[in-house]
Amino acid sequence: MDIQLLKVFYTTAQEGSISKAANKLNFAQSNVTHKIQQLEADLQTQLFYRHNRGITLTPSGQILVPYAEKILHVILEARSTVSDSAVPSGLLQIGSVETTAAVRLPALLTQYHTNYPSVAISLITGPSDKQLEAILHYELNGAFVSGPVEHPDLVQEEVVTEELVLVTSVSHPPIASIHDMELRTLLVFFEGCSYRSRFNQLLQEEGLVPVSLMEFGSLETIIGCVGAGLGISLLPRSFIIEAEQQGRIKCYEIPNKYSLLKTVFVRRKDALVTPALAAFLSEMRSHFHV
C-alpha cells in the first residue's frame, strides 16, 4: 500500500473536505482526488461518497481510518527511532487537566527542562476526556488526568491523590453539611472536568439542584469569583491553600466517598517510549515519589 496515498486519504477523512485536505497538504485539489481514486482502485472499494455538499466516508472508509492513523504513526516512530540518539531531544507533547498543570507541574517541568534542554516540551491543557482522546489519536505522548482510567489501549501510573473540598466566600455562613449551602450557583470548569462530574454526583445523591451553572477555563478565575461571592465550587484542597490562608475564601470537607480523586499519568501501550519520554517518566516518578 502506497504510504503517500494513505496520508492523503487520512488527511481528507480528518478534514472532511478535499479542498481543505489539499490546502493542508499543499496539493492541488485534482491531485488529492486522483490519489484517493488510486487508493480506491488499489483496495477495490469506494472510500468516499461524492455529493453536492462535498464528501462523506463510506463504511469501508470508516474502517480504514483507524488503520491509516496507526500506520502513519508507526512510520513516524520508525523514523524517530532511527534518527534518535541516546540523549533526550526533539519534541515531547504532554497534556494535563488545568488544575494539575497550574499547581503540580511547574516545578517538574522546570527541573526537566534544566536537565534536558535539547527537548522541546509542549504542555496542552484541557479536560480529562479531551486529553484521553488526544492520546488515543497519537497527538500526545502522555497526559495527567483524573483516574482511574479503564481502556485496553492505555497504561496509567498513579501520581497523586487529591482531596476535594467545598469552596465558598468568607461571607457565606458556616457549613456543617452540604445541605447548609445558601448559594446554588456552581462555578465549574468546562464539560469533561472530573471535579465538575464529582460535584454533580454529590449534589444529585444529596437531592440538591443548583440554580445555575457558570463555566470557567482557569483555576484562578474560579477562586476569584468564589471569593467575590458569585457562587461555590468543588476544588482540590492543595490548590486553594494559599487563597484560604490569605482570607479570600473558606473551604469545607465533604463526605469521604466524594472527596478523594486520583491523578494519573496515561499513555498508549503501543506507543514508542522515546529517550525524551523515558527521561520524563523518570523525572515524574522521582518528583511525585511514585
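Predicted model only: the values in this text are computed from it and were never measured.
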Donor + acceptor pair across side chains of Thr58, Ser60 (<3.5 Å) =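 Checked: Thr58/Ser60 side chains show no N/O donor-acceptor pair below 3.5 Å.
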
Is there a donor-acceptor contact under 3.5 Å linking the side chains of Gln201 and Tyr258?
->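 No, Tyr258 and Gln201 have no side-chain donor paired with an acceptor closer than 3.5 Å.
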
Hey, what do you get for CD (Glu98) to OG (Ser128), rounding to the nearest 0.5 Å?
->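 With rounding to 0.5 Å, CD (Glu98) is 12.0 Å from OG (Ser128).
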
To the nearest 0.5 Å, tell me how far Asn23 CG sits from Thr11 OG1.
->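 Atom-to-atom, Asn23:CG and Thr11:OG1 are 11.5 Å apart.
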
Would you sort out whether Thr185 and Ser212 count as a side-chain hydrogen bond (donor to acceptor under 3.5 Å, both in side chains), showing the intermediate values?
-> CA-CA 5 Å; Thr185 298; Ser212 62; 3.1 Å; yes

Please report the shortest heavy-atom distance between Ser89 and Ala276, naming the atom on each side.
->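 The answer is O-CB, 3.8 Å.
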
Under a single-linkage definition using a 4.5 Å side-chain heavy-atom cutoff for Ile, Leu, Val, Met, Phe, Trp and Tyr, are [X] and [Y] assigned to the same hydrophobic cluster?
X      : Y      : result
Leu123 : Leu281 : yes
Val97  : Leu235 : no
Ile75  : Tyr10  : yes
Val160 : Val145 : no
Val103 : Leu234 : yes

Check step by step if side-chain contact (heavy atoms from CB on, under 4.5 Å) holds for Leu72 and Ile3.
-> CA-CA 8 Å; Leu72 293 171; Ile3 299 302; 4.0 Å; yes

Is the backbone of [Y] close enough, under 3.5 Å, to the side chain of [X] for a donor and an acceptor to pair up by distance?
X      : Y      : result
Ser259 : Asn256 : yes
His137 : Glu139 : no
Ser17  : Ser19  : yes
Ser282 : Ala278 : no

State plainly whether the residues [X] and [Y] are in salt-bridge range, i.e. N to O under 4.0 Å.
X      : Y      : result
Asp2   : Lys35  : no
Glu242 : Arg248 : no
Glu205 : Arg198 : no
Glu244 : Lys250 : no

What do you reckon, are the aromatic ring centroids of Phe199 and Phe189 less than 6.0 Å apart?
->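 When the ring centroids of Phe199 and Phe189 are compared, they turn out to be at least 6.0 Å apart.
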
Which pairs, with at least one residue in residues 100-124 and sequence neighbours excluded, count as a side-chain hydrogen bond (donor to acceptor under 3.5 Å, both in side chains)?
->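 Qualifying pairs: Arg104-Glu162, Arg104-Ser238, Gln111-Asn115, Asn115-Glu283.
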
Apply salt bridge (charged side-chain N to carboxylate O under 4.0 Å, His left out) to Arg50 and Glu40, showing your working.
-> CA-CA 13 Å; Arg50 282 81 169 172; Glu40 289 177 326; 3.0 Å; yes

Can you tell if the side chain of [X] reaches within under 4.5 Å of the side chain of [Y], non-hydrogen atoms only?
X      : Y      : answer
Leu92  : Leu277 : yes
Pro148 : Gln156 : yes
Val8   : Phe27  : yes
Val266 : Ile135 : yes
Met284 : Val159 : yes
Lys7   : Leu25  : yes
Phe144 : Leu108 : yes
Phe280 : Ile121 : yes

Checking side-chain contact (heavy atoms from CB on, under 4.5 Å) for the pair Val32/Thr12: CA distance, chi angles, key distance, verdict?
-> CA-CA 8 Å; Val32 171; Thr12 304; 3.6 Å; yes

Who passes ring pair (Phe, Tyr, Trp, His ring centres under 6.0 Å) against Tyr138, sequence neighbours left out?
->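 Per chain and number, Tyr138 pairs via ring pair (Phe, Tyr, Trp, His ring centres under 6.0 Å) with His73.
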
Residue pair Leu154, Leu136: steps toward the side-chain contact (heavy atoms from CB on, under 4.5 Å) verdict = CA-CA 8 Å; Leu154 301 176; Leu136 289 170; 3.7 Å; yes

I would like to know whether Phe9 and Phe48 meet ring-ring contact (aromatic ring centres under 6.0 Å, His included); could you show each step before the answer?
-> CA-CA 9 Å; Phe9 161 76; Phe48 291 100; 5.6 Å; yes

Which is it for Thr99 and Tyr195 under the side-chain hydrogen bond (donor to acceptor under 3.5 Å, both in side chains) test, yes or no, and what are the steps along the way?
-> CA-CA 10 Å; Thr99 45; Tyr195 311 141; 2.8 Å; yes

Between Ile55 and Tyr49, is a side-chain contact (heavy atoms from CB on, under 4.5 Å) present by the stated rule, with each step listed?
-> CA-CA 5 Å; Ile55 58 170; Tyr49 294 120; over 6 Å; no

Decide if atom CD of Gln44 counts as having more than 12 heavy atoms of other residues, nucleotides or ligands within a radius under 6.0 Å.
->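 No, not enclosed.
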
Residue Asn26 excluded, over 12 heavy atoms near CG under 6.0 Å |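 At most 12 heavy atoms, drawn from other residues, nucleotides or ligands, come within 6.0 Å of this atom.
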
Tell me, with the steps shown, if Lys24 and Glu15 meet salt bridge (charged side-chain N to carboxylate O under 4.0 Å, His left out).
-> CA-CA 9 Å; Lys24 187 169 185 177; Glu15 296 297 320; 3.3 Å; yes

